[in-house]
Amino acid sequence: MNKLYIGIAIVLLIILSGISLFIGVSTVTLDGLLSGDSKQLQTFMVSRIPRLIAIIIAGMSMSVVGLIMQQLARNKFVSPSTAGTMESATLGILISSFFFSSTSVLGRTAVSFVFALIGTMIFMKILDYAKYKDVIFVPLVGIMFGSVIGSITTFIALRYDMLQSLGAWMAGSFAGILSGRYEMLYIAVPTTIVAYLYADRFTLAGMGEHFSTNLGLNYKQVMNIGLAITALSTAVVVLTVGVIPFLGLVVPNVVTIIFGDNLKRTLPLTALAGSLFVLICDIFGRLVRYPYEIPISLVVGIVGSIIFIYLITKRGAYASKA
Amino acid sequence: MIEVRNLTKKYGSKAVVDNVSLKIAKGGITSFIGPNGAGKSTLLGMISRLIPRDAGEIYIDGQEISKVKSKDLAKKISVLKQENHINVRLTVRELVSFGRFPYSQGRLNDEDWKFVDEAIDYMDLREFEHRFLDQLSGGQRQRAFVAMVICQNTDYILLDEPLNNLDMKHSVQIMHVLRRMVNELGKTIILVVHDINFASCHSDSIVALKDGKLIRHGSVSQIIETSALREIYDMDIPIEVINGNRIGVYFS
């Protein structure tokens, strides 16, 4: 059953990837590539393939990160964009730009990672102290927290005349993905693999500290590993692609509604569904106003927010029932 | 054997468990009873290392539990807390298989799956095994959690109010299963119960707590007895013997 869905998703992903590779302003055709047209080959290697890889990795890692956060926070509406993680990563990138030049990607990733980690940890601490853990209340706190960080970021950017570069990180887009400028995103591949290796532990941690301690699980350690994976993946995605709202929220929710909360089972499905979702949104964004393109953050934002509203009305009732 | 020496837990200046010393022999069912706020669940939580203690020692089979790795302890003692908001959607089979986590760390071998199958059959859950927990009734869900504990296969099993939210039929069913686990599998079961008559009908020994202090520990006939119950609950409860069971008539 599971294998069937994974199989279908992989086939779809391959077909859509093929389509994605041949969409764009400058003509790239299979014939041209095979006949060794150097201009077409260059476009293909420098822009099209990196773009496709970025789409697949960003979609996969952000969805998986959302899944982990929802499990660890024990709330279906917690995700990088509703827990201050994205905003903290953005603040980190801004701060890092004072210390590192734009070519020093490693340094900027590190600073952004640390900020995303601290931001998410603060959010989790706020949750610990919150007396009122309603399904809707928790993400609201996260969105407010994220807005506070966002305004700090805007303020700093305003003071140092950096609003324009801030805008670039805030609005996620795959248009700027070129070979040599996105490779940091590859970090999200091993973190996603580690997430899969920890899938069972995340499932248990989601059942609560007492439940996991009973089974001999080091709850705090698993929690910290989960947050580190979250922060690192978010940091590299925001740095290379930019903020993609709602992605880590809607994809895991749709998957878990159908397949349940056993991460060993749902994590690969979530990863595939995430890539597929972003790929479809990206193709749509590139075709709807051809030859111009709509940034991915906008397309995912619109589709995602519609699904989010649907989930809140449907799942809000379901999640609070238990 | 579980031995507790001078165990204390304070919240602020109030001791919720106050200098409790206790020995629980291997085998049999021991019930913790007492009024609300007596410290029953806290005591159970400390014995199972879920709640940190402020003072005292806890030995399981002669080993102080703080000196045993949590991972190894999970093969010796299991505990089921009454968590009202477990809203994780797992199937019964998935939940039960997590009982093997201390042994398998998530990679179950054929032997682990044999344990899973046996536990599912033992709790009569075969027809529900692929259902999600939130699709089950309260009684079925409780049986699923007990099946997970069976799968964990520990000598000692601690249950915090396992009859909570269960109707009479399912409560009796759970108590019968626990008895079978003692008789057939040689388990030692300790549970917190609110209803003294459940404790009376199904326990081998009863521990009575009040205001954090252990005030009685003995056999059923020593505790389910009017003067002892008066001491524990500040109530005069007449005892009737019905079919050999001592029943406290506390309703009027």
Side-chain angles (χ1 to χ4, degrees), chain A residues 1-2 67-68 70-78 132-135 138 195-222 252-267 315-322, chain B residues 41 44-45 48-52 65 68-108 130-136 138 141 145 148-149 151-152 154 156-160:
Chain A
M1 186 73 167
N2 238 16
L67 182 70
I68 294 171
Q70 280 144 35
Q71 196 73 10
L72 294 183
R74 307 173 77 179
N75 185 302
K76 288 293 168 198
F77 297 127
V78 170
Y132 186 60
K133 286 192 180 118
D134 185 79
V135 254
V138 168
Y196 181 68
L197 297 178
Y198 269 78
D200 276 327
R201 288 169 174 80
F202 293 141
T203 307
L204 287 179
M207 316 256 313
E209 181 163 8
H210 285 165
F211 191 91
S212 30
T213 308
N214 168 49
L215 293 170
L217 187 77
N218 189 336
Y219 178 78
K220 295 242 153 59
Q221 186 195 44
V222 171
N253 262 287
V254 171
V255 172
T256 56
I257 281 176
I258 304 171
F259 297 97
D261 292 327
N262 186 359
L263 261 60
K264 195 92 183 222
R265 194 149 75 109
T266 54
L267 199 141
R315 193 150 201 179
Y318 151 75
S320 56
K321 177 193 82 188
Chain B
S41 295
L44 196 84
S48 54
R49 61 132 160 37
L50 299 187
I51 299 175
I65 61 163
V68 184
K69 276 192 198 137
S70 184
K71 221 159 81 180
D72 297 329
L73 216 50
K75 299 176 191 169
K76 206 141 189 68
I77 183 167
S78 53
V79 58
L80 213 53
K81 290 271 273 181
Q82 199 59 47
E83 313 225 321
N84 14 6
H85 49 248
I86 288 195
N87 55 5
V88 171
R89 264 161 51 100
L90 295 176
T91 65
V92 171
R93 193 177 174 79
E94 285 168 349
L95 176 78
V96 175
S97 71
F98 277 122
R100 295 313 291 172
F101 189 83
Y103 305 89
S104 65
Q105 300 297 310
R107 272 182 287 278
L108 281 75
H130 296 299
R131 290 242 204 115
F132 285 120
L133 290 173
D134 60 356
Q135 295 168 329
L136 302 180
R141 200 175 311 145
F145 279 102
M148 188 199 88
V149 165
C151 206
Q152 201 179 337
T154 56
Y156 299 93
I157 297 171
L158 276 54
L159 305 164
D160 193 0

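Hydrogens, waters and symmetry mates play no part in the numbers below; they use all other heavy atoms, side chains included. So that the names make sense, note that chain A is the first sequence line, chain B the second, and so on, each numbered from 1.
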Report all side-chain donor-acceptor pairs from residues 70-79 of chain B shorter than 3.5 Å, counting only partners two or more places apart or in another chain.
unit_1, atom_1, unit_2, atom_2, d
B/Ser70, OG, B/Arg49, NE, 3.1
B/Lys76, NZ, B/Asp61, OD2, 3.0
B/Ser78, OG, B/Thr154, OG1, 2.8

How long is the gap from CZ on B/Arg89 to CD1 on A/Ile257, to the nearest 0.5 Å?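 Reported to 0.5 Å precision, the distance equals 7.5 Å.
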
What distance separates B/Leu50 CG from A/Glu209 CD, expressed to the nearest 0.5 Å?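 Result: 8.5 Å between the selected atoms.
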
For residues B/Gln105 and A/Asp200, determine if any side-chain heavy atom of one lies less than 4.5 Å from a side-chain heavy atom of the other.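 B/Gln105 does not reach A/Asp200 side chain to side chain.
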
Any heavy-atom pair between the side chains of B/Asp160 and A/His210 that's under 4.5 Å?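 Of all side-chain heavy-atom pairs linking B/Asp160 with A/His210, none is under 4.5 Å.
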
Hey, which of A/Thr203, A/Leu217, A/Leu204 has the most heavy atom pairs under 4.5 Å with chain B?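 Among the listed options, the one with the most contacts to chain B is A/Leu204.
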
Between A/Gly216, A/Ala199, A/Gly206, which residue shows the highest count of heavy-atom pairs closer than 4.5 Å to chain B?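 Of A/Gly216, A/Ala199, A/Gly206, A/Gly216 has the most heavy-atom pairs under 4.5 Å with chain B.
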
Looking only at non-hydrogen atoms, find the nearest pair between A/Phe211 and B/Phe145 and report the distance.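 Scanning both residues, the minimum pair turns out to be CE1-CE2, 3.7 Å.
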
A/Leu215, part contacting chain B, at a heavy-atom distance under 4.5 Å: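 For A/Leu215, heavy atoms of backbone and side chain both lie under 4.5 Å from chain B.
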
For B/Phe98, is it the side chain, the backbone, both, or neither that has a heavy atom closer than 4.5 Å to a heavy atom of chain A?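 For B/Phe98, heavy atoms of backbone and side chain both lie under 4.5 Å from chain A.
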
Of all residues at least two apart in sequence or in a different chain, which pass the side-chain contact (heavy atoms from CB on, under 4.5 Å) check with B/Glu94?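 Listed in chain order: A/Asn262, A/Arg265, B/Leu90, B/Thr91.
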
